[in-house]
Amino acid sequence: MIARPRLGVCYYPEHWDEELWPTDALAMAELGISRVRIGEFSWSRIEPHPGQFDWEWLDRAVEVLASQNLGVVLGTPTACPPKWLVDRYPEILARDAGGHLRKFGSRRHYCFSSPIYRAEAARIVTAMASRYGMHNAIVAWQTDNEYGCHDTTISYSDAAATAFRDWLKKRYGDIQTLNKAWGTVFWSQEYEEFAQIDPPSGTVTEATPAHRFDYWRFSSDQVVSFNSLQVEILRRLSPGRDIVHNFMGFYTEFDHFAVAQDLDVAGWDSYPLGFTEQFWFSESEKREFMRQGHPDIAAFHHDLYRGCGRGRMWVMEQQPGPVNWAAFNPAPLPGMVRLWTWEAIAHGAELVSYFRWRQVPFGQEQMHAGLNLPNNKPDVAYFEVRQVAEEISKLDSSSVSKIAPVALVFSYEADWLLQIQPQAKNFRWLRLAFEMYEGLRSLGLDVDIVPENGDLSGYKLIIVPSLPIAGNKFVATLGQLRVPVLLGPRSGSKTNTLSIVPNLPPGNLSELLDITITRVESLAMWWREAVRIKEREFHGLVWREHISSSLPPLATFSDGAGAWYRKDHIEYLATWPDREFLNYILSELALRAGLEPQRRDLGVRTRDRGMMRFAFNYSAEQRRAPAPANAEFLIGGHDMPPASVSVWRLAQG
Ligand code: GAL
């Protein structure tokens with residue numbers, strides 16, 4: 001049996017008159033909400049003066065919520081050190097690449113490497129966990145808030161420089177090893193001792209790639225250890241409660257698998273319209289999905305964070321209406337908040353929590369919708385949440401999510417490496433990974449997103465969008481598999497310290513298929529490189545490799561050179577496929593994997609959960625659910641209006 005999914009809400013009692021709290025709590029409970037996240041920005045109210053705590057208001061807020069049986073997810077307040085703390089210890093502030101201080105006045109103005117800030121964070125977390133750790137109403141803790149938000153993972157402060165030197169010393173042992181690994185003989189950059197090494201900023205032109213790469217790894221490790229510092233305190237003082245962090249969308253600056261290793265659940269904040277507007281989507285996609293969000297954004301992150309959370313995932317913040325932070329902030333089509341909620345549940349979310357209970361009339365986010373308007377009348381999403389709450393009781397709670405048929409291998413390091421050395425303005429690893437995910441999902445295939453060192457057994461098909469550093473262990477694992485594996489361009493091309501592999505790309509992957517990449521070229525945004533398969537023409541974008549091989553190619557560029565190779569179960573792609581080419585490749589692979597790829601109608605997506613199939617209509621037009629004529633529907637039916645959901649039982653066996 002798995003527990004029924006829950007609904008939650010983000011709430012800031014400190015923003016409202018205390019008289020409102022009891023009616024808010026009652027209204028939440030009546031709406032079907034059972035979890036409330038509070039506290040993550042409350043430091044200045046908890047500790048208004050150094051060492052002087054004011055817990056009474058928070059005690060009362062927790063009691064009011066508890067009186068309605070609402071379980072509290074309490075946030076540690078470390079994303080917002082108060083003014084007195086910053087004034088007392090200005091060295092806790094982060095510095096940007098230009099050396100500018102990231103000052104007090106908004107949020108996330110701390111440097112992960114500051115020993116003073118770590119001590120202060122430990123102090124406030126200890127105080128909070130000592131007060132509430134054993135309170136019955138506290139069901140979970142959220143550490144900090146959105147690590148890295150507002151570009152705050154990488155800091156160039158003095159504290160970071162000191163910590164980086166220590167980190168390098170541990171990694172390389174002696175300076176000559178580092179010099180060799182980084183290739184510092186190039187441009188006379190050799191160091192005599194670790195103390196001479198600065199963070200890679202402010203250089204005249206590009207800093208040494210290996211230096212930048214290590215700085216990225218170091219910065220990621222700082223987030224991991226900052227989080228585990230909090231987790232250790234919470235586990236000790238509040239045993240038995242889930243510990244979660246709310247990660248972000250399309251955000252790769254630190255290794256989320258590594259941070260989540262210390263957590264019980266990976267949470268994430270889902271803002272599909274904001275993400276559609278902010279990221280790389282074409283104008284026509286933006287137009288098509290302006291009020292629905294691109295149909296794969298939420299699903300991609302559900303799968304990624306379910307992977308990070310080793311099967312456990314929460315949506316900690318769900319977009320309820322227009323947000324305030326994208327370039328343009330349209331309103332969701334009526335029905336989308338319900339659809340997003342069901343999409344999350346279909347992907348195994350244990351909790352979907354809306355941001356926020358009520359739109360706040362002051363401060364930076366006054367233009368951000370909530371479930372209620374600032375005058376406390378329900379906003380559009382309120383009614384959609386009510387509908388979901390009613391529908392959840394129809395869910396078959398005994399169904400357990402199985403593993404998906406397809407694994408997509410996700411590597412944060414791959415994204416960093418290719419951001420440091422893109423070789424083409426428009427080569428972004430994350431985008432390539434997303435497009436491959438989109439390609440799979442448009443064929444109706446469910447996907448698990450797994451780390452490169454994750455368990456790949458049991459999958460029928462494995463997609464590696466690109467893995468520039470292919471370790472021996474990974475290569476050996478691939479060799480032992482018996483299912484189709486697709487390796488994207490640039491796989492195996494680099495050493496661990498960002499040099500070209502000695503035997504030319506794809507390095508040790510050439511043990512699996514005999515190919516050598518003798519030249520690479522990147523292609524302008526407006527160029528489409530023709531690719532032929534028999535009589536059909538497709539296109540490669542952004543990137544092309546020139547391969548010498550004894551194998552016959554499966555597809556060729558117009559000059560006859562190979563664009564796609566296969567040896568046994570391993571396949572290699574020498575370009576970034578456009579949508580049609582990708583669709584062809586993935587359909588082929590899926591068929592050989594024994595799957596049944598079925599191209600979904602534009603804007604329609606599906607996902608199985610246990611013995612149920614969910615269909616989502618992300619288009620602004622009527623669609624038909626891809627269900628058998630005699631399907632037994634639990635929600636909706638064959639006809640799917642825009643922004644609607646249909647759920648039916650899958651036949652046994
Ligand atoms: C998230 C953040 C919240 C709030 C929200 C607004 O990034 O965690 O605190 O700012 O965005 O959409």
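All ligand and atom numbering here is 1-based and tracks the order in the structure.
- In summary, Asp296 and Arg605 engage in a salt bridge, as defined by a charged side-chain N under 4.0 Å from a carboxylate O.
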For ligand 1, list all ligand N or O to protein N or O distances below 3.5 Å, rounded to 0.1 Å.
residue	atom	partner	partner atom	Å
ligand 1	7 (O)	Glu146	OE1	2.4
ligand 1	7 (O)	Glu146	OE2	2.9
ligand 1	8 (O)	Asn145	ND2	2.9
ligand 1	8 (O)	Glu146	OE1	3.3
ligand 1	8 (O)	Glu146	OE2	3.4
ligand 1	8 (O)	Glu317	OE1	3.2
ligand 1	8 (O)	Glu317	OE2	2.8
ligand 1	9 (O)	Arg107	NH1	2.9
ligand 1	10 (O)	Arg107	NH1	3.3
ligand 1	10 (O)	Arg107	NH2	2.9
ligand 1	10 (O)	Glu365	OE1	3.4
ligand 1	10 (O)	Glu365	OE2	2.3
ligand 1	12 (O)	Tyr271	OH	3.3
ligand 1	12 (O)	Trp325	NE1	2.8
ligand 1	12 (O)	His368	NE2	2.7

Please walk me through it: do Tyr215 and Phe213 pass ring-ring contact (aromatic ring centres under 6.0 Å, His included)? CA-CA 5 Å; Tyr215 203 65; Phe213 195 31; over 10 Å; no
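- Asp303 meets the salt bridge (charged side-chain N to carboxylate O under 4.0 Å, His left out) test with Arg306, Arg607; sequence neighbours excluded.
- Between Glu146 and Arg108, none of the side-chain N atoms (NZ, or NE/NH1/NH2) sits under 4.0 Å from a carboxylate O, so this pair counts as no salt bridge.
- Legend: residues meeting side chain to side chain contact (heavy atoms under 4.5 Å, CB included) with Phe104, ordered by chain and number and at least two apart, are Lys83, Val86, His109.
- Taking Ala326 as the reference, Glu277, Gln278, Asn329 meet the side chain to side chain contact (heavy atoms under 4.5 Å, CB included) condition, with sequence neighbours excluded.
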